[in-house]
Colleague: 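Quick one: structure below, then a few questions.
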Amino acid sequence: MQNFRLKYGYAAALFYAALFLGMLFLNFTMNGFEPFSLALYCAMLACGLNIYASAGLFVLAGGISLMAGWAPFVTVLVQAVLVGGVYFCYARAGKKMRAEIALWLLPAAGIFIWLFGVYVYGDVIRALVVGVILYILCFVMTGALRCALFRAGRCRLTAEELIFSGAAIAATGIGFYKLAGGYAYEAVAILLLLLAVGTLKNANALCCALVLGLPEAIAQSAATGQAVLAPVAIFVAYAGAGLAFFRAGKLPAALAVFLTDVLLRYVTEFLGGMPASGFYLSLLTSLIPCLLFALLPEKWLARWAEKLKTYSEKQLTKMAINTERNLAGERLFDISAVFREIENAFLSLDDETQMDAGAEKAMAEALYASVCAECEFRQRCSETDVGPAIEKLVAIGSGKGKVSLIDMPSKLASECVNPSGVLFCLNKLLAEYRRHMLDAENAALGRKLLADQARCVSEMLKELAVEQSRPFSANAERERELKALLARAGIVCQEAMVTEDSVSLTATGNADTRRILRAVEKIFSPAVLSSKWALTADKFFYRFRRRPAFDAAFGTASVRKEGESASGDTHSVLKIDERTFLMALSDGMGSGEYARKISDCTVSLVESFYRAKMPPELILETVNRLLSFNKEESFACVDIATVDLGEGFADVVKIGSPLGFIFSEQKIEILESESLPLGILDGVKPTTLRKKLEDGDTLLFISDGVTEAFGSSADIADFLQTLSPHNPQALADTLIAEALARENGHARDDMTAVCARLFLFAPSPDA
């Protein structure tokens, strides 16, 4: 068993004073000063409180029994020595009292039965019944005190602990009611009930009202000999009034309880014949506690409510989730640092690819060694100082890349007997060095590409680390509200979790998803079902997320060039996340299998990079660089659009592509590109546009085969005005059919049309 230790001081004095009052109240539970304080005395010893202090308080509280004669007081003295002596012997032996306390309490109960049965009641049977109640109350009070000292405010209480605590409060309350009177008890009970309403804020306050109403009901029933349940109903009415108005604040809740008390007393007491003066004085029993509650600082109630919330709710799952998120965030930070170091390594390895003075000197020395060393006139050249002229020629060749006779300095041309040999050797050296420089430049470009990729991966991992490190939080109040809503809808919900951007729950039975959605949308609107899993044959998991404002419908149509086995156009519609989709069209230059490969490669790269949420500028630069590495010329015209279904914004990127369109029933907007296709130059400068799409707007991309078939943008726009944008698939099919008809049924180039139409979600009929 745990031992409770308290330092000497005001706190200890107040603590033991409260226990003494509890013993005193228990001794007034019945009219014969029965020592019910024995239950609290045993509880104090079981919890490790000081044996001498506990025994002293027990005897002091039992001194009141002298008013009823010597037998009750002797009972108290014998019980104090017997129970205290047993605990004292166990403490001296270094042992802890366990289940054997049940045996040691039998003699203490036997002393009570003998003395009260013979000298007080004159009825052993009555004494036996009371003794059994006292014996049972010892264990109830022990469980209640242990719960109050070691578990309350630290963890979630079990059902048994709540029952023991309620029984202990009721037993003590009966004695307090009989000692202090009904008005004093009601005033204290109303204050406690208001505190329960302010901290619990739910139907559990009704259980507290039941416990607080029982002592008065039991005491009145014992006094009248008839069952009296009115006090319990009255306290439940107090709790209901307080809960109904507590959302408006402490003052409305206190006022509601006071007015409820006034109404009930008016009906039960004033109309029953109570004098007006007595009626008005009786109202103080509710006015004083309600006033004290209204004046209680808000921060105190908030602190108690937060502490109660902390230990009453299940925290382990949330703490485990947050711990794992923190560990994942730290891991991602570490990996992000690794990729940042990779970027630094690639950048530090980058060297200058420009020709420097050292390279020119090396070529001049190589020229001397291969041509001048075997010349029979080398001595004369050295005497006439031809060396600077040769170095000047090397410098000219370094700048031009190649030299000829007109580039030779006059001194070298007049003195050298083998100018052709010098020019041939120097051009050979320049060609070799040029190849070396080209390889170095390609290597530098490759390192730069890898460095950019490493930096991008590092930034993405860092963003993920920040996101994962953010503590997971749920709204317990909204979770309880959701469970209540589902229960009213006839859906059995075992667990619910409400966060800022999602709602997760488990429900028994394959319930109608629309009914669950209607309940969810009352606290989390607008919502859409994100996923549903079967946990067992009769239990399902549901996850709802915030519904975007728009949804989209898509249409695609294409025809390959006549005589070709494959189309050089590739299109894609990809869901990036629940609020964003990607629409892309790539037109590989030419037609056939090779153009198809280039187009497929471009779209696949774009899809992968956008799915990974890399920065768009780096995506295009990377795709352009990869296409330029190909041995053959590989160009691609690309249309890309990422559309946010939440706000309706479309980010459009056009690279060397033909016209694009945004149109509705009222207008048509033409999107044009001024950039070269991917793969032509090392750098890429795309045309970027940000457009706000409204309900019913359609975004259309077409390949150059469609443009060539119509001849001009005006012709395409005129034809689109004759079409209805409501069905995007019909729109794409009609456009391709018209383009093919204008070519007399013979496709001279690949033709493709991709379109997406946005529309607002229709409100639910039950909303």
Side-chain angles (χ1 to χ4, degrees), residues 1 3 16-93 95-146 167-168 171-172 174-175 178-179:
M1 291 185 182
N3 290 333
Y16 280 103
L19 292 175
F20 171 73
L21 289 176
M23 289 182 171
L24 190 63
F25 296 154
L26 286 170
N27 286 339
F28 279 87
T29 302
M30 297 182 68
N31 297 328
F33 298 103
E34 287 81 355
F36 280 97
S37 57
L38 174 66
L40 187 53
Y41 175 47
C42 292
M44 294 168 64
L45 295 177
C47 292
L49 297 181
N50 186 277
I51 296 177
Y52 303 106
S54 302
L57 293 177
F58 177 56
V59 174
L60 184 62
I64 194 71
S65 62
L66 287 172
M67 298 172 58
W70 63 271
F73 186 68
V74 170
T75 302
V76 170
L77 289 177
V78 174
Q79 289 176 337
V81 173
L82 178 61
V83 178
V86 170
Y87 272 96
F88 178 79
C89 293
Y90 268 79
R92 291 295 299 270
K95 297 181 179 180
K96 291 185 178 181
M97 183 75 71
R98 300 188 185 276
E100 58 269 25
I101 184 60
L103 297 176
W104 291 112
L105 284 176
L106 289 175
I111 292 296
F112 168 82
I113 295 171
W114 172 49
L115 291 177
F116 270 74
V118 175
Y119 299 102
V120 179
Y121 297 151
D123 184 353
V124 178
I125 301 299
R126 179 185 176 188
L128 178 62
V129 173
V130 176
V132 171
I133 296 174
L134 176 60
Y135 182 80
I136 296 174
L137 187 61
C138 289
F139 299 101
V140 172
M141 195 66 71
T142 299
L145 186 60
R146 183 178 291 116
T172 308
I174 294 172
K178 299 186 69 173
L179 175 62

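Heads up: numbering here begins at 1 and tracks the sequence.
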Colleague: Where do Leu45 and Tyr87 come nearest, in terms of heavy atoms and distance?
Modeller: CD1-CD1, 3.5 Å
Colleague: Are Met141 and Leu26 packed together at the side-chain level, in the sense that at least one heavy-atom pair is separated by less than 4.5 angstrom?
Modeller: yes
Colleague: Below 4.5 Å, heavy atoms only, C-beta onward: do Val83 and Tyr41 meet side chain to side chain?
Modeller: yes
Colleague: For residues Asn31 and Lys178, determine if any side-chain heavy atom of one lies less than 4.5 Å from a side-chain heavy atom of the other.
Modeller: yes
Colleague: Determine whether Phe36 and Met23 make a side-chain contact, defined as any pair of heavy atoms from C-beta on separated by less than 4.5 Å.
Modeller: no
Colleague: Could you give the distance from CG (Leu19) to CZ (Phe58), rounded to the nearest 0.5 Å?
Modeller: 13.5 Å
Colleague: Testing the basics here: between Leu40 and Gly22, what is the closest heavy-atom pair and its distance to 0.1 Å?
Modeller: CD2-C, 3.9 Å
Colleague: State, with a plain yes or no, whether a side-chain heavy atom of Met44 is found less than 4.5 Å away from one of Tyr16.
Modeller: yes
Colleague: With sequence neighbours left out, what residues match Ile136 under side-chain contact (heavy atoms from CB on, under 4.5 Å)?
Modeller: Val132, Val140
Colleague: For Leu21, check side-chain contact (heavy atoms from CB on, under 4.5 Å) against everything at least two apart and list the hits.
Modeller: Phe25
Colleague: Please report the closest heavy-atom contact between Cys42 and Leu105, naming both atoms and the distance.
Modeller: SG-CD2, 3.3 Å
Colleague: Residues in side chain to side chain donor-acceptor pair (under 3.5 Å) with Gln79, at least two apart?
Modeller: none
Colleague: Within the 4.5 Å heavy-atom criterion, are Val130 and Met30 side-chain neighbours or not?
Modeller: yes
Colleague: Quick one: side-chain contact (heavy atoms from CB on, under 4.5 Å) partners of Ala17, sequence neighbours excluded?
Modeller: none
Colleague: Looking at residues at least two apart in the chain, or sitting in another chain, which of them share a side chain to side chain donor-acceptor pair (under 3.5 Å) with Ser37?
Modeller: Asn27
Colleague: Give the table of side-chain donor-acceptor pairs shorter than 3.5 Å for residues 108-119, with sequence neighbours excluded, one pair per line with atom names and distance.
Modeller:
none

